[in-house]
Amino acid sequence: MSILEVRSLVAGYEPGLAIVKGASVHAEAGEIVVLLGPNGAGKSSLIKAIAGIVPISGGEVWLEGEDITAVPAHQKIRRGLAFVPQTENIFPLMTVAENLAVCGGILPRAEVAGRMDEMFQTFPDLARQRHRAAGSLSGGQRQMLAVARALLVRPRVLMLDEPSAGLSPKLVGEVFANLQAIRERGVTILLVEQNARAALAIGDRAYVLVEGRAAHEAPATGLMDDPLIAELYLGHRKEAS
Ligand SMILES: Nc1ncnc2c1ncn2[C@@H]1O[C@H](COP(=O)(O)OP(=O)(O)O)[C@@H](O)[C@H]1O
Ligand SMILES: [Mg+2]
């Protein structure tokens, strides 16, 4: 049984106007699954629908053998499904510590301080800046804070929407190294990325989403060289050499 299974999902922002049009994807425990696809393919809409933020009108989402299709977003977090949106994923006017503390709201009170300490051990950069306003952090540190906020409640599955967007190559490397370390600790990751090469380097399996559907599924290794991917994802047919 897959830890996360999405079956023929249909979702969109307005009734009768599907953006996600029957997408089926799954993640096995401990996997890093990468979602690629051209701009506007519906990658963000798909993970937002899985997270419970975009209304679902068809299909199913199963987490650890339970049907969570109709579970509201805040309850999905309690069930172990965490989501880091691409933007507005921290509170800029709050300190780093406050950003973590508000996420601890769904944990038993006695556990919050301990979990925050664990996050500060995992992300020493954040520990050093715990009393600074989150909005004054660098782009890479903000992404780390957004990830730390999601991890605070010990999710089983972590979904991220383009965590490397807008970061320098060095910071991209740091964020992706962090994701690998998070997976080592047993968290399953569903990663939407424009940076296909970097994502496939840490991923196990990938889907290419085209027009709201998972058009292609393959092991991450070697996928960049697949001519079908060049056509679907890069939007042109790779010339035979
Ligand atoms: N908040 C929204 N309201 C209405 N339509 C949206 C909204 N967000 C995205 N869309 C539409 O959904 C389609 C897919 O967008 P998106 O899921 O962001 O694709 P991707 O993440 O693959 O670039 C686009 O046509 C986009 O215009
Ligand atoms: Mg997107």
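Indexing begins at 1, ligand by ligand and atom by atom, following the structure's order. Here the structure is a predicted model, which means the values were calculated and not measured.
- If you chain together hydrophobic residues whose side chains sit under 4.5 Å apart, Leu81 and Val54 never meet in one group.
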If you apply the rule side-chain contact (heavy atoms from CB on, under 4.5 Å), what do you find for Asn178 with Gln143, and how did you get there? CA-CA 11 Å; Asn178 273 322; Gln143 279 305 346; over 6 Å; no
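- Taking 2.8 Å as the threshold, Ser44 counts as a candidate ligand of the Mg ion (ligand 2), since one of its N, O or S atoms lies below it.
- Smallest separation of non-hydrogen atoms from Leu160 and Ile189: CD1-CG2, 3.7 Å.
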N/O pairs closer than 3.5 Å, ligand 1 and protein:
{"residue": "ligand 1", "atom": "8 (N)", "partner": "Tyr13", "partner atom": "OH", "Å": "3.3"}
{"residue": "ligand 1", "atom": "17 (O)", "partner": "Ser45", "partner atom": "N", "Å": "2.9"}
{"residue": "ligand 1", "atom": "17 (O)", "partner": "Ser45", "partner atom": "OG", "Å": "2.5"}
{"residue": "ligand 1", "atom": "19 (O)", "partner": "Gly42", "partner atom": "N", "Å": "3.1"}
{"residue": "ligand 1", "atom": "21 (O)", "partner": "Ser44", "partner atom": "N", "Å": "2.9"}
{"residue": "ligand 1", "atom": "21 (O)", "partner": "Ser44", "partner atom": "OG", "Å": "2.9"}
{"residue": "ligand 1", "atom": "22 (O)", "partner": "Ala41", "partner atom": "N", "Å": "3.2"}
{"residue": "ligand 1", "atom": "22 (O)", "partner": "Gly42", "partner atom": "N", "Å": "3.0"}
{"residue": "ligand 1", "atom": "22 (O)", "partner": "Lys43", "partner atom": "N", "Å": "2.9"}
{"residue": "ligand 1", "atom": "22 (O)", "partner": "Lys43", "partner atom": "NZ", "Å": "2.8"}
{"residue": "ligand 1", "atom": "23 (O)", "partner": "Gly40", "partner atom": "N", "Å": "2.8"}

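- When every heavy atom of Arg142 is checked against every heavy atom of Ala134, the shortest pair comes out as CG-O, 3.9 Å.
- Hydrophobic cluster membership differs between Ile19 and Val10, with clusters built from Ile, Leu, Val, Met, Phe, Trp and Tyr side chains linked at under 4.5 angstrom.
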Show your working on salt bridge (charged side-chain N to carboxylate O under 4.0 Å, His left out) between Glu118 and Arg154 and close with a plain yes or no. CA-CA 11 Å; Glu118 282 176 44; Arg154 280 209 179 96; 3.4 Å; yes
